[in-house]
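Reading through the structure tokens given below for one structure.
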Amino acid sequence: MSANIHIQAEDFDVSDEVEALTADQPTTGAVATFTGYVRGGDGLTALTLEHYPGMTEREIAHIAADAAKRWSLTGVTIIHRIGRLEVGERIVLVAVASAHRGAAFEACEFLMDYLKTRAPFWKQEERDGANDWVDAKETDDAAAERWRKP
Amino acid sequence: MSANIHIQAEDFDVSDEVEALTADQPTTGAVATFTGYVRGGDGLTALTLEHYPGMTEREIAHIAADAAKRWSLTGVTIIHRIGRLEVGERIVLVAVASAHRGAAFEACEFLMDYLKTRAPFWKQEERDGANDWVDAKETDDAAAERWRKP
Amino acid sequence: MNVLYFAWVRQKVGRSEETIEHTPELRTVSDLAALLRARGGGYAGAFTDMSRLRAAVNQVHVALDAPLSSGDEVAFFPPVTGG
Amino acid sequence: MNVLYFAWVRQKVGRSEETIEHTPELRTVSDLAALLRARGGGYAGAFTDMSRLRAAVNQVHVALDAPLSSGDEVAFFPPVTGG
């Protein structure tokens, strides 16, 4: 299984990505996807995402390879947008195909948790005209931590 | 939150459904989806799905209301196809929107587990020209059981 | 009562629904299943091993000892396999 | 060595990258951070509280005691906040 990884400013279409993931894969029975959005409702107007070109792709490929070792998957697509994104815009897509739903769900959650804590992206918030860097969340570290096996 | 529930012979488009789910919902930060496919690779050529009209919609509405009580959600869409579906075709979509990814993932898995064990659908398999009813899986019962809290 | 059959139960009994008059003897879903089993033929085939059957009354999943009333919609079917 | 800065580290130091010669004294990432902090100004602001900083060497996350070699690509940044 090879992962499709894209870091891009452009938007993506979930159906198109899922279609590409499942084409000519008759043993796929389950596709789980996660789409992250710029969430408003608290004065936030936009986010600007910065990343570390090169390391980002490398780190995400590493996380995807790790997922493919843990679960039996037929395909993985990860798209992460960069640049300025307004409230309601899509930020990230993780789509995982597998024969069975348990593997698809677990691998999708695993990939999101690790993207949040390992992939070198940084978010700046626009709120009331001011820009502030977003602090990392301890809840994200805790979410990633649960996948560590003794 | 009201759930969109459709039992239909027609196919669906994941992007269109997610778009409808997130339109005018600026507090949505996360959408998790699950798409089930007719899985081939072992001689299966098609499935035919039968359901109990009336009870199906009622049971799914009940499951969706239960999910909305357990998690803070901004939208739920459940589409289940009926009739004859060939290998590679989509069977079911569960899409869940929430402010946060944990709730979206958990509610999506919960809804799939309960659809599998509570919604009155029955599958017949076409294999080498013969039709056989699919037996219920104990693993599905076990998956649904884990959501029961004491 | 309106009685509905789904999946292989429908195929064995050879019909998808029928009307059966509610009598005082038909206290529970089990009593109705016994009446149907006693008809023999496809009905006996469908209603002999009750561990393979599930039931709903008025579109709600019920156990086999659920009570019946006149006017109920009763359905018999195998364990569900959707999703 | 090529040294890269991201997010508020980049903003505080006022540049996104620079070349710093590797010397025998620069044994670890911490040594490099100390050299940068000693420059004062924005560098002092960025490199004073090391608990707020993360580092990568050759595009791999490392701890602050990771060794440095000539030709390394070293990056300093806050904890990541993608996804």
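Residue numbers start from 1 in every chain, and the chains themselves are labelled A, B, ... in the order their sequence lines are given, proteins ahead of strands.
- No part of R54(C) comes within reach of chain B, as not one of its non-hydrogen atoms sits under 4.5 angstrom from that chain.
- Looking at R81(B), neither its backbone nor its side chain comes within 4.5 Å of chain C, counting heavy atoms on both sides.
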Tell me which donor-acceptor pairs under 3.5 Å the side chains of residues 38-49 of chain B have, and how far apart each pair is, sequence neighbours excluded?
residue	atom	partner	partner atom	Å
R39(B)	NE	A99(A)	O	3.3
D42(B)	OD2	R127(B)	NH1	3.4
T45(B)	OG1	E126(B)	O	3.1

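- The CH2 atom of W8(C) sits 9.0 Å away from the CG atom of D135(B) when rounded to the nearest 0.5 Å.
- Identified by a heavy-atom distance below 4.5 Å to chain C, contributing residues of residues 8-34 of chain B are lacking entirely.
- Contacts between H51(B) and chain C at a heavy-atom distance below 4.5 Å involve the backbone alone (N, CA, C, O).
- Heavy atoms of other residues, nucleotides or ligands lying less than 6.0 angstrom from CZ of R37(C) number more than 12.
- Atom CD of Q59(C) and atom NE2 of H62(B) lie 14.0 Å apart (nearest 0.5 Å).
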Give the table of side-chain donor-acceptor pairs shorter than 3.5 Å for residues 76-83 of chain C, with sequence neighbours excluded, one pair per line with atom names and distance.
residue	atom	partner	partner atom	Å
T81(C)	OG1	K123(B)	N	2.9

Assess whether side-chain contact (heavy atoms from CB on, under 4.5 Å) is satisfied between M55(B) and H61(C), documenting all intermediate values. CA-CA 9 Å; M55(B) 179 169 168; H61(C) 289 288; 3.5 Å; yes
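- Closest approach of A75(C) to Y52(B), counting heavy atoms only: CB-CE1, 3.4 Å.
- Contacts between residues 86-93 of chain B and chain C, counted as heavy-atom pairs separated by less than 4.5 Å, involve I91(B), V92(B).
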